[in-house]
Student: 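Attaching a single structure in structure tokens format; questions to follow.
Order of the sequence lines sets the chain letters (A, B, ...), proteins ahead of strands, with each chain counted from 1.
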2 protein chains.
Amino acid sequence: MEKKLTAKERILRVAEQLFYREGVRAVGIDRIIQESGVAKASFYRNFATKDDLVVAYLELHRERVMGNIAHARQQRPDSVLAQLRYLMEYTADRMKLPTYRGCAFMNTAVEFPETDHPDHVKALDSRNEVWNHIEDMAREAGLPKPRELTEQLRMLWSGAAMVAYINKEEFKPQSFSDAANALIDSQAAAAAK
Amino acid sequence: MEKKLTAKERILRVAEQLFYREGVRAVGIDRIIQESGVAKASFYRNFATKDDLVVAYLELHRERVMGNIAHARQQRPDSVLAQLRYLMEYTADRMKLPTYRGCAFMNTAVEFPETDHPDHVKALDSRNEVWNHIEDMAREAGLPKPRELTEQLRMLWSGAAMVAYINKEEFKPQSFSDAANALIDSQAAAAAK
DNA sequence: AATGAGAGAGACAGATCTGTCTCATTTCTT
DNA sequence: AAGAAATGAGACAGATCTGTCTCTCTCATT
């Protein structure tokens with residue numbers, strides 16, 4: 001028997017879909033209230049403001065992304081470098097899904113450009129946490145310049161996310177994987193000589 | 001003696017600054033009217049809607065970007081490949097400027113996610129025109145897979161623009177240039193063997 | 001000097017969005 | 001079963017934004 005979802009859960013579930021698919025600014029509170037079948041009072045009892053909901057949405061997304069990293073670590077238990085390569089490939093493949101609408105953190109940061117806006121701050125913090133973890137992996141893998149490599153991978157991955165979002169039809173996961181591996185190999189080669 | 005700017009010119013000039021610095025959705029018509037010292041009627045005599053102004057802003061930006069490409073071609077008249085490398089380095093260096101706020105085309109596309117929104121369409125068209133030109137350069141340079149390389153450079157450059165925008169303090173033009181050259185070299189090496 | 005286009009100032013309408021409040025009803029706890 | 005807490009429905013206020021309209025003034029052309 002299915003558990004009945006609480007108002008808060010329904011709101012968050014609908015918000016996640018709508019915010020990601022149509023953008024945070026484009027989706028109003030009324031829309032979320034209507035589609036989640038919740039009363040306005042119930043909404044504001046669970047979230048003080050819309051921004052609070054946005055922060056909760058970003059937090060949910062952060063957890064999912066960290067889950068992806070954990071997944072990659074489990075899939076390639078023997079080599080951290082293999083975990084890195086797998087993570088890049090795995091996420092790039094997912095960008096090809098028709099539901100892919102870019103990186104929620106980047107999109108939200110762009111939608112709220114004021115650097116001290118709570119949504120902007122939360123988006124950046126989440127993004128940074130993820131990439132700090134990846135940098136740790138690069139360091140753990142014993143690569144000579146984990147910092148530089150992570151910077152490069154972050155640029156490449158971030159751009160891939162944008163291309164997959166805006167120029168979906170032209171995005172080729174293989175091109176991305178090739179490029180990512182070229183960057184990793186390039187650094188490994190520089191270290192070997 | 002300085003020429004007096006017409007209302008339209010003043011509006012466009014102010015709009016370019018404000019839209020780029022603070023985002024299109026965040027800047028209202030009233031703000032632009034006030035800061036350009038123009039009457040509301042004068043605004044709507046020159047631009048039918050706000051979207052029309054946004055399209056004009058993007059068109060202006062497109063011209064500037066194409067100007068950057070022309071600049072790169074002039075700076076390295078002998079080798080198209082050198083033009084490509086120069087263009088990447090030149091634009092990456094400019095991303096380090098404190099006024100840099102990311103790629104206007106990507107930002108606007110994210111701000112208006114509806115794919116048939118006139119601002120979204122104009123942003124995408126402009127972006128595609130630029131990268132089609134770069135692909136032509138890669139082809140002209142005699143590279144084996146100009147398409148793939150351009151895709152990779154577009155991902156890397158787009159991500160660099162985002163990093164330079166959102167994580168400004170951590171952006172290193174040198175890391176970008178290294179990565180871009182690694183991608184170019186990687187393809188050249190693959191072709192040579 | 002006369003005329004007409006362009007421009008400034010700002011009130012106003014209409015739409016939209018966030019957030020508040022009331023009240024009846026349902027659901028959970030004990 | 002009874003009281004307490006959560007929920008649904010929706011009116012309403014207040015802010016903000018786009019776009020319209022009127023009226024006046026300036027300036028260039030003739």
Side-chain angles (χ1 to χ4, degrees), chain A residues 1-58 108 111-114 116-122, chain B residues 1-58 108 111-114 116-122:
Chain A
M1 76 185 206
E2 71 202 19
K3 240 199 277 178
K4 198 168 180 186
L5 294 173
T6 125
K8 188 168 191 172
E9 288 167 331
R10 268 181 295 159
I11 291 167
L12 201 46
R13 179 176 293 207
V14 168
E16 187 183 16
Q17 298 289 324
L18 293 184
F19 283 160
Y20 185 66
R21 284 212 305 254
E22 306 183 22
V24 173
R25 295 189 87 133
V27 174
I29 288 297
D30 287 343
R31 177 97 181 283
I32 291 173
I33 284 166
Q34 191 205 340
E35 296 208 14
S36 56
V38 152
K40 207 157 193 178
S42 303
F43 175 87
Y44 280 102
R45 208 175 299 118
N46 286 289
F47 300 96
T49 66
K50 182 187 178 182
D51 287 337
D52 272 31
L53 174 62
V54 177
V55 168
Y57 151 67
L58 292 171
T108 305
E111 283 202 87
F112 298 91
E114 295 144 292
D116 55 353
H117 190 291
D119 299 350
H120 186 95
V121 170
K122 178 65 180 176
Chain B
M1 79 182 206
E2 68 202 21
K3 238 200 281 181
K4 199 168 176 183
L5 294 172
T6 94
K8 188 168 189 171
E9 288 166 330
R10 268 181 296 159
I11 291 167
L12 201 46
R13 179 175 292 207
V14 168
E16 187 184 16
Q17 297 290 325
L18 293 184
F19 282 162
Y20 184 65
R21 284 212 304 254
E22 305 183 20
V24 173
R25 296 189 86 134
V27 174
I29 288 296
D30 287 343
R31 176 96 181 282
I32 290 173
I33 285 166
Q34 191 206 339
E35 296 208 12
S36 56
V38 152
K40 207 156 193 177
S42 302
F43 175 87
Y44 280 102
R45 208 176 298 118
N46 286 289
F47 301 95
T49 65
K50 181 187 179 182
D51 287 337
D52 272 31
L53 174 62
V54 177
V55 168
Y57 151 67
L58 293 171
T108 305
E111 283 202 87
F112 298 91
E114 296 144 291
D116 55 352
H117 190 291
D119 299 348
H120 186 98
V121 170
K122 178 64 181 175

Student: Taking A:E9 for its side chain and A:T6 for its backbone only, find out whether a donor-acceptor pair lies under 3.5 Å.
Tutor: yes
Student: When you measure from the side chain of B:H120 to the backbone of B:F112, do you find a donor-acceptor pair of N or O atoms at a distance under 3.5 Å?
Tutor: yes
Student: Which letters describe nucleotides 17-26 of chain D, given B = protein heavy atom under 4.0 Å from base, S = only from sugar-phosphate, - = neither?
Tutor: -BBBBB----
Student: Hey, could you give me each pair passing salt bridge (charged side-chain N to carboxylate O under 4.0 Å, His left out) that has a residue in residues 36-51 of chain B? Not counting sequence neighbours.
Tutor: B:D30-B:K40
Student: By side-chain contact (heavy atoms from CB on, under 4.5 Å), which residues pair with A:V55, not counting sequence neighbours?
Tutor: A:D119, A:K122
Student: Which nucleotide, if any, forms a Watson-Crick or G-U wobble pair with D:dT30, using both distances under 3.5 Å?
Tutor: C:dA1
Student: Before accepting this row, confirm whether a basic side-chain N of the pair B:R25/A:E111 lies closer than 4.0 Å to the acidic partner's carboxylate O.
Tutor: no
Student: Side chains of A:L53 and A:I32, heavy atoms from C-beta outward: is any pair under 4.5 Å?
Tutor: yes
Student: Can you measure A:R31 atom CZ to D:dG10 atom P for me and round it to whole angstrom units?
Tutor: 19 Å
Student: Side-chain N or O of B:S42 versus OP1/OP2 of C:dG8: is the shortest distance under 4.0 Å?
Tutor: yes
Student: Respond yes when some side-chain nitrogen or oxygen of A:R10 is under 4.0 Å from OP1 or OP2 of D:dG8, and no when none is.
Tutor: yes
